[in-house]
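The next block holds one structure in the form of structure tokens; read it before the comments.
By convention in this document, chain letters (A, B, ...) are assigned in the order of the sequence lines, proteins followed by strands, and residues within each chain are numbered from 1.
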Amino acid sequence: MTAPAPFPRAARLLRPADFARLQGGQRVGTRHFSAQVAANEHSGARLGLAISKRVSKRAVRRNRLKRLARDSFRHRRAELPAVDILIIARPSADQEDNASLRAELARLWQRIMTLNGADGVGTMRA
RNA sequence: AGAGCCGGCCAAGCAGCCGCGUCGCGUUCGCGCGCCGAGGAAAGUCCGGGCUCCACAGGGCAGGGUGCCAGGUAACGCCUGGGCGGCGCGAGCCGACGGAAAGUGCAACAGAAAGCAAACCGCCGAUGGCCUCGCAAGAGGAUCAGGCAAGGGUGAAACGGUGCGGUAAGAGCGCACCGCGAGUCUGGCAACAGACCGGCACGGCAAACCCCACCUGGAGCAAGACCGAAUAGGGGAACCAUGACGCGGCCCGCGUCGUUCCCGGGUUGGUCGCUCGAGUCCUGCGGCGACGCAGGACCUAGAGGAAUGGCUGCUCACGACAGAACCCGGCUUACCGGCCGGCUCUCCUU
């Protein structure tokens with residue numbers, strides 16, 4: 001029912017350095033998430049996740065948020081520009097069900113796209 | 001049929017689409033195909049081991065742990081069987097359950113007294129003395145000497161309990177039963193039990209110090225090993241003053257710092273450690289059992305910013321607690337509900 005939308009390793013933030021670079025990136029916030037965005041030198045968008053134990057002490061619940069975010073991201077990755085995105089979950093996210101979190105993530109990707117179109121992200125380019 | 005006890009097991013299912021990780025095969029290096037891919041607790045990190053490194057060689061002290069007995073096990077604080085005590089009509093369940101005659105200590109309040117007993121209320125006053133009566137024997141009275149600890153009262157606890165005898169009143173003073181005992185015998189590997197005997201002497205607390213028996217180095221896979229680029233600590237051998245420093249609790253003890261010679265090297269990345277193991281299943285034999293032995297079959301997650309998922313549809317008893325991170329054995333805690341086996345009690349029917 002859905003078009004193929006793979007999510008290879010190249011589309012993930014793997015090194016501590018990748019995360020550190022995003023400290024200076026642009027911030028985008030929604031009700032249950034916040035994101036740090038910066039342009040990268042790769043061919044597509046990359047995703048990193050930061051879901052601390054402050055969100056939930058239960059590993060199962062943190063896993064749910066990560067999986068949801070990754071799945072949502074991979075479906076929209078083709079539309080996103082070449083940016084690194086770090087998604088940070090707020091503790092309130094733990095209370096929401098899958099459907100509303102998916103809707104919120106969809107809006108988040110949309111805002112990142114428009115942000116990039118308005119040229120804000122270019123600041124990180126060397 | 002209803003209540004309940006014990007042991008074992010399962011953890012919504014199916015399909016489609018889109019994904020993720022290891023491995024194998026193919027590859028036009030984009031990827032494609034196939035197999036496999038969380039738990040009974042993966043959890044808490046409370047014990048025990050394996051493995052690894054650290055200065056280990058030994059002895060002593062200290063510290064810590066365990067604590068009825070006997071087994072099982074790699075080991076344990078776990079498990080099995082047994083004993084004792086308690087709870088339950090019962091199937092069964094629960095128990096830090098060694099030593100109080102080695103010593104030290106503790107016990108608020110209350111109470112006369114809290115531990116080599118003592119005597120507030122009380123009981124008695126036989127015996128000696130006193131008073132009255134009596135010629136006397138003696139009788140009566142008070143309770144001075146004195147005797148007693150039954151009863152009352154306090155307390156968590158008061159120097160065996162109940163009953164009978166006994167007595168001036170009483171008292172293990174005597175007896176019966178119970179309790180108690182560092183006695184004897186019998187049974188048992190033992191914990192312990194039974195019988196007999198003794199005679200009432202020894203209160204409680206050892207999750208108070210302590211004593212006894214047994215166990216016990218420390219840190220942890222970010223342990224640790226290997227590979228490889230810039231700055232330049234390092235490793236081995238020989239000699240030496242016995243000073244300073246260090247030695248994962250301390251001491252004996254041991255080592256380093258110095259000089260000479262020889263050899264070549266660490267944080268961050270990559271690879272390994274990383275899953276074949278006290279493994280799982282089946283059968284047979286031994287054992288009450290935990291478990292052991294033998295044979296056969298099987299390979300069953302291995303990530304690393306961290307995979308094991310998302311969406312949709314259908315079915316039903318409407319789905320709990322919860323996510324591996326070096327690996328095992330336990331314990332504890334969380335949990336919607338369901339299945340199987342064995343057993344107990346009550347009621348009904350025959």
What distance, rounded to whole Å, do you find between the two P atoms, one in B:C123 and one in B:G170? 11 Å
Quick check: on RNA chain B, is the nucleotide nearest A:Leu47 upstream (toward 5') of the one nearest A:Asp71, or the reverse? Name the residue that is more 5'. A:Leu47
With a 3.5 angstrom cut-off on both distances, give the Watson-Crick or G-U wobble partner of B:G313, or none if there isn't one. B:C14
Could you check B:U300 for me: syn (within 90° of 0) or anti? syn
B:G181 pairs with which nucleotide, Watson-Crick or G-U wobble, both distances below 3.5 Å? B:C197
B:C282 to B:C328 separation - C1' atoms, rounded to the nearest Å: 23 Å
Work out how far the P atom of B:G98 is from that of B:C209, and round it to whole angstrom. 14 Å
Nucleotides 301-304 of chain B: which of its N/O atoms have a protein N/O under 3.5 Å away?
unit_1, atom_1, unit_2, atom_2, d
B:G304, OP1, A:Arg9, NH1, 3.3
B:G304, OP1, A:Arg9, NH2, 3.1

Any strand: nucleotide that pairs with B:C87 via Watson-Crick or wobble, under 3.5 Å: B:G92
RNA chain B contacts made by residues 57-68 of chain A, counting heavy atoms under 4.0 Å: A:Arg58, A:Ala59, A:Val60, A:Asn63, A:Arg67
By the Watson-Crick or G-U definition, both distances under 3.5 Å, B:U231 is matched with none
What's the base orientation of B:G40: syn (chi within 90° of 0) or anti? syn
What interatomic distance, in whole Å, is found between C1' of B:U346 and the corresponding atom of B:C79? 36 Å
Determine, step by step, whether A:Ile88 and A:Phe33 satisfy the side-chain contact (heavy atoms from CB on, under 4.5 Å) criterion, reporting the C-alpha distance in whole Å, the side-chain angles of both residues, the deciding distance to 0.1 Å, and the verdict. CA-CA 6 Å; A:Ile88 300 159; A:Phe33 295 99; over 6 Å; no
Which whole-number value in Å describes the distance from A:Gln36 CD to B:G305 P? 19 Å
Sub-4.5 Å side-chain heavy-atom contact between A:Gln110 and A:Arg76: yes
Report the base-pairing partner of B:G255 (Watson-Crick or G-U wobble, both distances below 3.5 angstrom), or none. B:C245
If you measure from the P atom in B:C202 to the same atom in B:U66, how many Å do you get, rounded? 36 Å
Are any non-hydrogen side-chain atoms of A:Ile85 and A:Gln36 less than 4.5 angstrom apart? no
Single hit among A:Arg62, A:Lys57, A:Arg61 for salt bridge (Lys or Arg N to Asp or Glu O under 4.0 Å) with A:Asp94: A:Arg61
Expressed in whole Å, how much space separates the C1' atoms belonging to B:U216 and B:C47? 14 Å
What I want to check is whether the side chains of A:Asn63 and A:Arg58 have a donor and an acceptor closer together than 3.5 Å. no
Rounded to whole Å, CG of A:Asp84 lies from P of B:G305 at a distance of 15 Å
Could you walk me through whether A:Leu101 and A:Arg64 pass side-chain contact (heavy atoms from CB on, under 4.5 Å), step by step? CA-CA 11 Å; A:Leu101 287 176; A:Arg64 177 179 77 107; 4.1 Å; yes
Taking CZ from A:Arg102 and P from B:G19, how many angstroms apart are they, rounded to a whole number? 17 Å
Rounded to the nearest angstrom, tell me the gap between atom NZ in A:Lys53 and atom C1' in B:G323. 12 Å
Out of B:G305, B:A306, B:C18, which nucleotide sits closest to the side chain of A:His75? B:C18
Determine the Euclidean distance between corresponding C1' atoms of B:C14 and B:A301; express it in Å to zero decimal places. 24 Å
B:C276 - base-pair partner by Watson-Crick or wobble geometry, distances under 3.5 Å: none
Just label B:A11 as syn or anti from its O4'-C1'-N9-C4 or O4'-C1'-N1-C2 angle, using within 90° of 0 for syn. anti
Return the pairing partner of B:A145 with a 3.5 Å limit on both distances, Watson-Crick or G-U wobble; otherwise return none. B:U127
Using whole Å, what does the distance between atom C1' of nucleotide B:A306 and atom CD1 of A:Ile51 come to? 12 Å
Return the nucleotide paired to B:C9: Watson-Crick means purine N1 to pyrimidine N3 with N6-O4 or O6-N4, wobble means G-U with N1-O2 and O6-N3, both under 3.5 Å. B:G338
Is the phosphate of B:G310 approached by A:Arg70 (side-chain N or O, under 4.0 Å from OP1 or OP2)? no
Syn within 90° of 0, anti beyond: B:G295 is anti
Could you walk me through whether A:Leu105 and A:Phe73 pass side-chain contact (heavy atoms from CB on, under 4.5 Å), step by step? CA-CA 8 Å; A:Leu105 285 163; A:Phe73 172 78; over 6 Å; no
Considering only atom C1', compute the distance from B:G37 to B:U300 and round it to an integer number of Å. 10 Å
Decide yes or no for A:Asp71 and A:Arg102: does some side-chain heavy atom of the first lie under 4.5 Å from some side-chain heavy atom of the second? no
Assigned glycosidic conformation for B:G30 [threshold 90° from 0]: syn
Taking atom types as they are modelled, is there a donor-acceptor pair under 3.5 Å from the base of B:C18 to the side chain of A:Arg74? yes
